[in-house]
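In what follows, every heavy atom counts, from backbone to side chain, and hydrogens, waters and symmetry copies are set aside. As the structure lists them, so they are numbered: ligands from 1, and atoms in each ligand from 1. Values in this document were obtained by computation on a predicted structure and should not be read as measured data. Nothing fancy with the numbering, it's 1 onward along the sequence.
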Amino acid sequence: MPELIGKPLDRIDGRLKVTGGAPYAYEHQVPNAVYATLIVSSIAKGRIVSMETRRAERTPSVLLVMTHLNAPKLPQLEGQPKKPPTGRVVQVLQDEVVRYANQPIGLVVAESLEAAIEAAHLVEVKYAAEQPELELESRLSQAAAPQKVGGAQDPSATHRGDMQAGMAEADARIEHVYSTPFEVHNPMEPHATIAVWDAPDHLTLYDATQGVFTDRARVAQLLGLQAENVHVISPYLGGGFGSKGPVWSHVILAAMAAKQVNRPVKLAVTRPQMFGMLGFRSQTRQAMAAGAKRDGTLTALSHDTVCHTSTFDEFVESASLPSRMLYATPNNSTSHKLIRSDIGTPSFMRAPGESVGTYGLEAAMDELAYELKMDPLELRLKNYAETDPEKNLPWSSKSLRECYRMGAERFGWSKRSPEPRSMRRGNALVGWGMATSEYPTRRSPSNASARLNADGTFSVDAGTQDLGTGTYTIMTQIAADSFGVAANRVKFRLGDTLLPQTPVSGGSQTAASTGSAVYLAAQALREKLIQTAISDARSPLSGESAQDVALENGRLFSRKDPSKGETFQALLARGGQPYLEAQASAKPGPEKERYSMYAFGAQFVEVHVDADLGQIKVARMVGCFGAGRILNAKTARSQLMGGMVWGISLALYEEAHTDYRLGRWVNNNLAEYHVPTNADVGQIEVLWVDEKDDHINPLGAKGIGEIGITGAGAAIANAVFHATGKRVRDLPITLDKVIA
Ligand code: MOS
């Protein structure tokens, strides 16, 4: 049996999805369910003076109009939230205060969705509005260090060496500010929940969540329930990108409403409501300084980020992190500061910190390369970090040099003419740019179980999630490999708190965490099958040594004499057992103290910029990554490519506009919130280095959900400079900025 791990297996769930057989949260069939719709604030700051709900309540089939005036009080809200990464402060109608635009201020429940929407429009709200503040640049004096760790990693300021002395001894220096806009995750499936009270103290949630167990814990905490009495089900997700990591207000509101009306309540967030109450990426202002000797050796590098948080909670878009570890510079400092603004709380969005942080760092490195009249790739190689310069640890593995080499070769980088505006094709200015990618390799404790059934098939369970990324498929591959069977002999279940406990699918950690647990559970079951056979006098394998027994094509047999063996069914039938089962836990060990663990990559981009109109087209991208063991060549390519496409979005399109006077989201729809469509995406090539890493986890996989977007924005921005000679330091790079 050829090894399945790594093979480009088609998605296990693909057929179900294209035939409509895969239920998303809102689509679960729940008898007797009623429909809820949210009412959200039209101001960004102030108080609700009155809410006139009588007309709404008189609308036929309306069961409940819930506002802060009649909502049940949730005493557990005090002291929230315990765990910032997955529990954000929620707004669940506990007071009359409006803290941001699109804050939930009411909820209508009716027998039909149409009636609920109609009634919601009939609620009249009077506000005492105040002037919201959410501009960054004009309020920099208010920026303050974070109080608690609410971002992806520790955002505390770091210093090594002497930054000033390093700048002083440099032959070339750059100091620039780079900025990135508000960006809002817009997964195809907006957030949705069905809340069902099976008993007065038992809640079932069909929820669109990236973490069924973290969801359970936070919901139980807020509603004052035992965690065992909350059952979260989430078998399919239409994307998440971080937005479905924390529990947001609407989940709690649906549960509160379901209790009030004593019926299951279905609640879907509308596309316009996706802007503001469910997290988003904060604007960043990144001040970069760098200095280098004439030969390119970095003498100093600093990265200071200012971003927003809300007035009531804290989250750090930790953009300065890449500058700590990517280059071997003796003098280095990084910091993050927050400005409290009248917005919902920003949150994790694909490669939080690293996506926009690699833009600041890698655009600055590009500028430094031009100062030095040095090839941008040469400058990176000159300062290649052989060990982690911040943690002073060896890398668990690092294939970045190989990524640079493979990517550059595939792209044809050596044919680049260094001068800006020196390459043309017809009326298009042609630009080539490159940048480095990196993303930390994370891991959390996870569990899984594996079972051999009487019919010779296997069932493998882990509570985890599939965001649309391929979890079903890779877990099936991992397990099937251990049993020596085809993928269709293994049924993998996920997305349910009744299954073995697993971590949130965030931080690119599902393959590393739950993949390792599935691997260990499958190996344990394999071991059990072998032991059961060799210790049974009635088995043809009786007395064989364990390492001489192989599993293949549904049977166990002796490697020495393959005719000696038996089928899985025979093994089970003889023992009279309905099944054989094994569990496993996989958790991080001391490797974190011994190694610095990251995935790396290199991205090369060609852009065409219309010489007259400034229109930018990404003609081609080559991304090469070193991300440990690749578990499925097809889903991995899609993941990495998806990240690179989002890099196009980051560099050229995406920006959620706010009105600074009113504090409202201006383009909260997919017509005006621009993301690339097929026509905007040129040729994308995804390569990777076959990287073996024995230190990170039993599977050797680093996770690939996020690294694809890192570096991509900078590579495009750098290509635009090379094409035009114009350096735009404020994303997205739109044509008006190019021709200005
Ligand atoms: Mo991802 S932003 O860590 O879900």
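- At least one N/O-N/O distance between Gly242 and ligand 1 falls below 3.5 Å.
- Remark: Phe275 CZ to Asn667 CG distance equals 6.0 Å, nearest 0.5 Å.
- Of all atoms in ligand 1, listed by their number and element, those nearer than 4.0 Å to a heavy atom of Phe241 are 2 (S), 4 (O).
- Neither the backbone nor the side chain of Ser508 has a heavy atom within less than 4.0 Å of ligand 1.
- The 12-atom threshold is exceeded at CZ of Arg340, counting heavy atoms of other residues, nucleotides or ligands nearer than 6.0 Å.
- A distance of 6.0 Å or more separates the ring centres of Tyr439 and Phe625.
- Within the structure, the closest approach of Gly507 to ligand 1 falls below 4.0 Å when heavy atoms are considered.
- Nearest to atom 1 (Mo) of ligand 1 among the protein's heavy atoms is Glu706 OE2, 3.1 Å.
- Annotation: atom 4 (O) of ligand 1 to nearest protein heavy atom, Gln210 NE2, 2.8 Å.
- Relative to the six-membered ring of Tyr598, Lys398 misses at least one condition, a distance below 6.0 Å or an angle of at most 45° to the axis.
- If you number the atoms of ligand 1 from 1 as listed, the ones under 4.0 Å from a heavy atom of Pro352 come out as 2 (S).
- Contacts between Met349 and ligand 1, counted as non-hydrogen atom pairs separated by less than 4.0 Å, involve the backbone only.
- Looking only at side-chain heavy atoms (C-beta outward), Pro246 and Ser347 come within less than 4.5 Å of each other.
- The distance between the ring centers of Tyr673 and Trp665 does not fall below 6.0 angstrom.
- Within ligand 1, the atoms closer than 4.0 Å to a non-hydrogen atom of Arg350 are 2 (S), numbered from 1 in the order shown.
- Within ligand 1, counting atoms from 1 as listed, the ones closer than 4.0 Å to a heavy atom of Phe348 are 2 (S).
- Within 6.0 Å of the NZ atom in Lys587, the count of heavy atoms belonging to other residues, nucleotides or ligands does not exceed 12.
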